[in-house]
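Here the structure comes first, spelled out in structure tokens, and everything after it is commentary.
Each ligand, and each atom within it, is numbered from 1 in the order the structure gives.
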Amino acid sequence: MIGIFDSGIGGLTVVNALRQRLPDCDLLYFGDTACGPYGDKSAATVLQNTVNKIENLLACGAGIIVIACHTSSSVAWDIIRSRFDVPVFEVITPAVEFALQISRYGRIGVIGTRTTIASGVYAKRIGELNPAAKVHAIACPLLVSLAQEGWLRSPITSMIVKKYLYPLKVKQIDTLILGCNYFPLFKRTIQAKIGSRVQLVDPAVTLVDPLARYLQENTAGSSRLANRKSLRLMVSDITEQVEKSAQLILKQKISLEHMPKRIKTENY
Ligand code: DGL
């Protein structure tokens, strides 16, 4: 079973991408709706919540972990990778590799939450792979609230997207990484505002390649996936709005379960 972790329900865009390319996999989704959104929280708080919830996900039987949250991936990946003895996939590295592959002039824009952008993770990884590339990163926190509100195509959303993207337009970026799992929901508006010559990178999509490769190469790994084509959705707090937003992203009727409570949590 593949365990997918997110700070809330934006990670369902990753579930959509996984179901499209790997329809046979058995998925268990964990959204930390009680503590999220993480995007404006300190790195220490994000790390603590992420590690504790991933321990919980493993206790529920996940054999592979996908960190669908960019904010968690940006501050917690190194610790999670070294701490847990299961394959861990995150959204940042495949997106960076793909962006560098397709970028014509090495002028790459990144948009994400405040904590993701403040971590500097995208600039760091891009710089490691191509020191000549120029990275321009902008935090777009309001887009998280707009997505949660379901305002995907409203004129207000277009105005806000335009304002956020203006500095990236001025820098003449040629590639833009959508560095928050809600942002693919605004793809059309983002493309219209940044211009058709800028190539968008959707990390939910680029994540699937390394995961599919891993599953193909590791029969032991895939046997742990159970192949029941099931999707269980667990969150740490169930509200009507969370349910509505989840349905909007998955485009189907869903039923949410409460994440099991852990008796013991550790400090990191
Ligand atoms: N999951 C977060 C991310 O992808 C977005 C929502 C939040 O702020 O927690 O960065």
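- Judged as a side chain to side chain donor-acceptor pair (under 3.5 Å), and not counting sequence neighbours, the contacts of Thr113 are Thr71, Thr116.
- For ligand 1, the polar-atom distance check against Gly39 finds a nitrogen or oxygen pair separated by under 3.5 Å.
- Between atom 2 (C) of ligand 1 and the options Cys69, Ala204, Pro203, the minimum heavy-atom separation is to Cys69.
- Here the side chains of Lys253 and Gln247 are in contact, with some heavy-atom distance below 4.5 Å.
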What donor-acceptor contacts under 3.5 angstrom involve side-chain atoms of residues 193-201, with partners at least two apart or in another chain?
from	atom 1	to	atom 2	distance (Å)
Gln199	NE2	Ile102	O	2.8

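- The nearest heavy-atom contact from the protein to atom 10 (O) of ligand 1 is Thr71 OG1, 2.7 Å.
- Between Tyr38 and Phe5, the ring planes are tilted. Angles from 30° to 60° get that label.
- Taking only nitrogen or oxygen atoms, main chain and side chain alike, Tyr182 does not reach within less than 3.5 Å of ligand 1.
- A donor-acceptor pair shorter than 3.5 Å cannot be found between the side chains of Thr13 and Asn181.
- Heavy-atom proximity to Asp6, at under 4.0 Å, picks out these atoms of ligand 1: 1 (N).
- Annotation: the span from Phe84 atom CZ to Leu57 atom CG amounts to 9.5 Å, rounded to 0.5 Å.
- For the pair His70 and ligand 1, the shortest N or O to N or O distance falls below 3.5 Å.
- The protein heavy atom nearest to atom 5 (C) of ligand 1 is Cys180 SG, 3.5 Å.
- Of all atoms in ligand 1, listed by their number and element, those nearer than 4.0 Å to a heavy atom of Ser7 are 1 (N), 2 (C), 6 (C), 7 (C), 9 (O).
- Neither Tyr166 nor Ile173 shares a network with the other; the hydrophobic side chains, linked directly or stepwise wherever heavy atoms of I, L, V, M, F, W or Y lie under 4.5 Å apart, form separate groups for each.
- Which parts of ligand 1 touch Tyr38 is read off a 4.0 Å heavy-atom cut-off, strictly below it: atoms 7 (C), 8 (O), 9 (O).
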